[in-house]
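Following: one structure in structure tokens, then a few remarks.
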Amino acid sequence: MVIRLIGTIVAIIIMAFFVGFNLENKCDVSLLFATFKDVPVFITIMLSFAVGILFTLPVALSIRFKKNKKEEKKDSPKEKKHRFSKKSRTEEKALAAQQNADSASGGKTADSSGESAGRAEPESESETGSAI
């Protein structure tokens, strides 16, 4: 805080010296339809600086507003809840439905047992091809 105060005071002193040494330097300022004669240079510079600030301010504020809006969206619980893409959520729902169906049928589907549900188990040793 103190450094900011000292910096401001130094900037004002430098500006005062600039104005003091340029009081006698004059120029003509032409604005489309009017021409101002013998305008001090420091006034031209200060007005140009002020006009630059006025034109830059809306752009700077809009960038800051958009940045804050993005941060609010990122922090909202609604956004965190739906962080997956639509396709991923659809796949998740299909997987959950399949798991519910598996648990309801007792795990006899192809995905849960690793075998086809319609395939019959071999009944004898001759069908399996193994002999003791």
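By the side-chain contact (heavy atoms from CB on, under 4.5 Å) test, Phe49 pairs with Ile53, sequence neighbours left out. For Asn25, the side chain to side chain donor-acceptor pair (under 3.5 Å) partners two or more places apart in sequence, or in a different chain, are Asn22. Applying the side-chain contact (heavy atoms from CB on, under 4.5 Å) rule to Leu31 yields the partners Val29, Phe36; only residues at least two apart in sequence or on another chain are considered.
We find the CD1-CD1 distance between Ile9 and Ile14 to be 12.5 Å, quoted to the nearest 0.5 Å.
Residues Ile43 and Leu23 fall within the same hydrophobic cluster, defined by Ile, Leu, Val, Met, Phe, Trp and Tyr side chains chained together at heavy-atom separations under 4.5 Å. When hydrophobic clusters are built by joining Ile, Leu, Val, Met, Phe, Trp and Tyr residues whose side-chain heavy atoms come closer than 4.5 Å, directly or via intermediates, Val19 is grouped together with Leu47. The same ILVMFWY cluster, assembled from side-chain heavy atoms under 4.5 Å apart, contains both Val10 and Val2. Val39 and Phe21 fall into different hydrophobic clusters, where Ile, Leu, Val, Met, Phe, Trp and Tyr are joined by side-chain heavy atoms under 4.5 Å apart, directly or via other members.
Residue-environment remark: CG (Leu54) exceeds the threshold of 12 foreign heavy atoms within 6.0 Å.
Counting side-chain heavy-atom gaps under 4.5 Å among Ile, Leu, Val, Met, Phe, Trp and Tyr, the cluster of Val59 also holds Ile63. Through chains of ILVMFWY side-chain contacts below 4.5 Å, Leu57 is grouped with Leu61.
Sorted by first then second residue, the side-chain hydrogen bond (donor to acceptor under 3.5 Å, both in side chains) pairs that include residues 34-55, not counting sequence neighbours, number zero.
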